[in-house]
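Report on the structure given below.
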Amino acid sequence: MNIAVIGTGYVGLVSAVCFAELGHTVFGVDIDEEKVKKLRQGISPIYEPELEDLLKRNIDAGRISFTTDLTESLPNVEVVFSAVATPPNEDFSADLKAVFVVTESVAQHADHDLVFVNKSTVPVGTGEKCEEIIAKTLKDRGVDFKIPVVSNPEFLREGHAVHDTMQPDRIVVGINGDDWAKKTLEELYVPLTRVSKPIVWMSRESSEIVKYASNAFLANKISFANMLSELCEATGGNVRDVTKGMGMDDRIGPRFLHSGIGYGGSCFPKDVKALIALSRETGIDLPLVQATHDINNHQRQRYFKKLLDALPSNATVGIWGLSFKPRTDDMREAPSLDLIPMLLKAGHTIKAHDPIAMENAQSIITEGVEWKDSAIAAAENADALIVLTEWDEFRGADLKKVKLAMKGRDLFDGRNIYEPSEAQEAGLIYHGIGIA
Ligand code: NAD
């Protein structure tokens, strides 16, 4: 099948490359000329395990090509995916400008029937608005093409995006009664349904809600663990033992039940905010969602305060981890972006290391930080070491060597990845989260 994917970011690029790998012929479209230039050379503009190899292979096989010109991609395509960003507005609502621009452009330039699929995370009702834009644009053009709007939200995890796209738990598709669109999506996903990956069909509205509900639920689990961490600190408990004890109950499950400095990234914060905005707009109370957001902010601020209070003046601080989570270079809403300015303002010297995200971090934090090319170099002569991202190489660090490299002894484990006893045996003073 011939398809176009508009927006070749973390979701669009992975989707486009994986659709090509599954045998479709794909156009990747992006307004960012630099990105498209790199992609044409087989260079991935983002870090995602396995992605660049798949990209190169499918360019060589002639199954994927890239353009900045939407009109170049439209002739002959049966499906157009929109995978543009939907970042939060000041008032927490999702910024849908790019989605609507893409919708209108597709309707403006389509020269045949095609299915328009929203892969971006969009609030309930957006599909209907896209349909109105398409109907008006086609009417103004005086043409009568069929362009149904389908919701097909994305559930991939950065750092595992290729795996998640090729091996999805489920494919959610929301269609409001268009048999042709349903048949087209069925055909598109045959390479996955043939290997027993299920499509869950539902209305477009339900599908739009599923995505937010899933992210808010996971964020809520994290906030629940973080809420307990404060209780543990005050009462002599250990949140790791508490969540372990809870998570072994298979009605609860261990995943996303970890306490730390709170969730970040491009999805949880913005999707929780968008639900809060939707709650205001619809008048439907979503108190668990508001609490999830509040606890996350509280957790981050209370750990940062504890950390800043404990540092000597003009301290040298080593930072391990800059991206919002391991296996990605994505810096959106990363805790490091909150903490580093606070440390600099307080007069501390910062040496930072991240295995992958350093280049992106440097483009955001343009001065004041010494960037180090190894974890141990970031710890050298530091009064304190702060772990902000749970990269595997930090988990496996030899804490005795770390202690020897450091000047001071304070280890702030913002991700609760070390055993307190292990740090203490290495001669470090351990500051975890939720451990009395
Ligand atoms: P992104 O910012 O990485 O990518 C968006 C891309 O769209 C950029 O390359 C940008 O240049 C391009 N773009 C913007 N306007 C355009 C236009 N008019 N025409 C063509 N290209 C245009 O965003 P992302 O992280 O890939 O997220 C995309 C959507 O997927 C969002 O709604 C997000 O919530 C959702 N989502 C993201 C993830 C994730 O882990 N990143 C997971 C699931 C769902």
Side-chain angles (χ1 to χ4, degrees), residues 4-18 27-39 44-49 51 66-74 80-89 93-109 116-123 126-127 130 133 151-165 168-172 207-208 210-216 218-219 263-275 323-334 360:
V5 178
I6 306 179
T8 55
Y10 285 86
V11 163
L13 181 59
V14 173
S15 303
V17 168
C18 290
F27 278 100
V29 185
D30 207 290
I31 46 170
D32 185 330
E33 288 182 10
E34 276 305 303
K35 212 173 246 192
V36 169
K37 207 164 130 194
K38 277 190 176 168
L39 287 168
S44 172
I46 55 164
Y47 173 78
E48 189 60 49
L51 182 62
F66 296 92
T67 178
T68 51
D69 182 2
L70 174 74
T71 61
E72 216 179 276
S73 73
L74 286 184
V80 174
F81 280 92
S82 169
V84 292
T86 49
N89 286 313
S93 62
D95 179 349
L96 299 174
K97 275 197 286 299
V99 173
F100 294 145
V101 164
V102 165
T103 310
E104 193 181 341
S105 308
V106 170
Q108 194 64 49
H109 299 289
F116 182 82
V117 184
N118 255 326
K119 196 156 246 324
S120 300
T121 303
V122 293
T126 304
C130 292
I133 291 171
S151 162
N152 175 211
E154 182 51 63
F155 298 96
L156 63 75
R157 300 160 299 164
E158 284 179 20
H160 302 266
V162 169
H163 169 271
D164 292 350
T165 308
D169 302 326
R170 77 301 200 193
I171 300 154
V172 170
S207 168
E208 289 169 339
V210 169
K211 173 63 199 180
Y212 282 105
S214 302
N215 273 357
L218 294 171
Y263 58 76
S266 63
C267 288
F268 286 1
K270 100 172 159 56
D271 293 350
V272 167
K273 282 179 186 168
L275 270 185
S323 57
F324 85 91
K325 71 169 186 178
R327 293 166 65 90
T328 182
D329 59 354
D330 197 343
M331 290 292 299
R332 288 177 283 188
E333 305 237 11
N360 280 355

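We count ligands from 1, going down the list as the structure has it; atoms in each ligand are counted the same way.
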Numbering the atoms of ligand 1 from 1, which are under 4.0 Å from a heavy atom of [X]?
| X | value |
| --- | --- |
| Thr86 | 31 (C), 32 (O), 34 (O) |
| Ser266 | 39 (C), 41 (N) |
| Lys211 | 43 (C), 44 (C) |
| Ile6 | 19 (N), 20 (C) |

If you have a sec, work out which protein heavy atom is nearest [atom] and how many Å separate them, to one decimal?
| atom | result |
| --- | --- |
| atom 10 (C) of ligand 1 | Asp30 OD1, 3.5 Å |
| atom 3 (O) of ligand 1 | Tyr10 N, 3.1 Å |
| atom 7 (O) of ligand 1 | Gly7 CA, 3.3 Å |
| atom 29 (C) of ligand 1 | Val84 O, 3.4 Å |
| atom 39 (C) of ligand 1 | Glu158 OE2, 3.3 Å |
| atom 35 (C) of ligand 1 | Thr121 OG1, 3.4 Å |
| atom 25 (O) of ligand 1 | Arg332 NH2, 2.8 Å |
| atom 30 (O) of ligand 1 | Val11 CG2, 3.5 Å |

(request) Would you indicate whether the side-chain heavy atoms of Asn360 and Tyr47 approach each other to under 4.5 Å? (result) no
(request) Would you name the heavy atoms of Asp271 and Asn215 that are closest together and state the gap between them? (result) OD2-ND2, 2.7 Å
To the nearest 0.5 Å, what is the distance between [atom1] ([X]) and [atom2] ([Y])?
| X | Y | atom1 | atom2 | value |
| --- | --- | --- | --- | --- |
| Asp30 | Leu13 | CG | CG | 9.0 Å |
| Phe155 | Thr121 | CZ | OG1 | 8.5 Å |
| Phe324 | Asp329 | CZ | CG | 10.0 Å |
| Glu158 | Asp330 | CD | CG | 4.0 Å |
| Ile133 | Ser105 | CD1 | OG | 10.0 Å |
| Thr165 | His160 | OG1 | NE2 | 12.0 Å |

Minimum non-hydrogen distance to [atom], winning option of [options]:
| atom | options | result |
| --- | --- | --- |
| atom 28 (C) of ligand 1 | Ser120, Ser82, Ala83 | Ala83 |
| atom 9 (O) of ligand 1 | Glu104, Lys35, Lys270, Lys119 | Lys35 |
| atom 18 (N) of ligand 1 | Val102, Asp330, Asn215, Val122 | Val102 |

(message) Any nitrogen or oxygen of Asp271, side chain or backbone, less than 3.5 Å from one on ligand 1?
(response) no
(request) Only counting residues at least two apart or in another chain, list the ones meeting side-chain hydrogen bond (donor to acceptor under 3.5 Å, both in side chains) with Gln108. (result) none
(message) Among residues at least two apart in sequence or on other chains, which ones pass side-chain hydrogen bond (donor to acceptor under 3.5 Å, both in side chains) with Glu154?
(response) Lys119
(request) Return yes if some donor-acceptor pair links the side-chain N/O of Glu72 with the main-chain N/O of Thr67 below 3.5 Å, else return no. (result) no
(request) State if Arg157 counts as touching ligand 1 under the rule of any non-hydrogen atom under 4.0 Å. (result) no
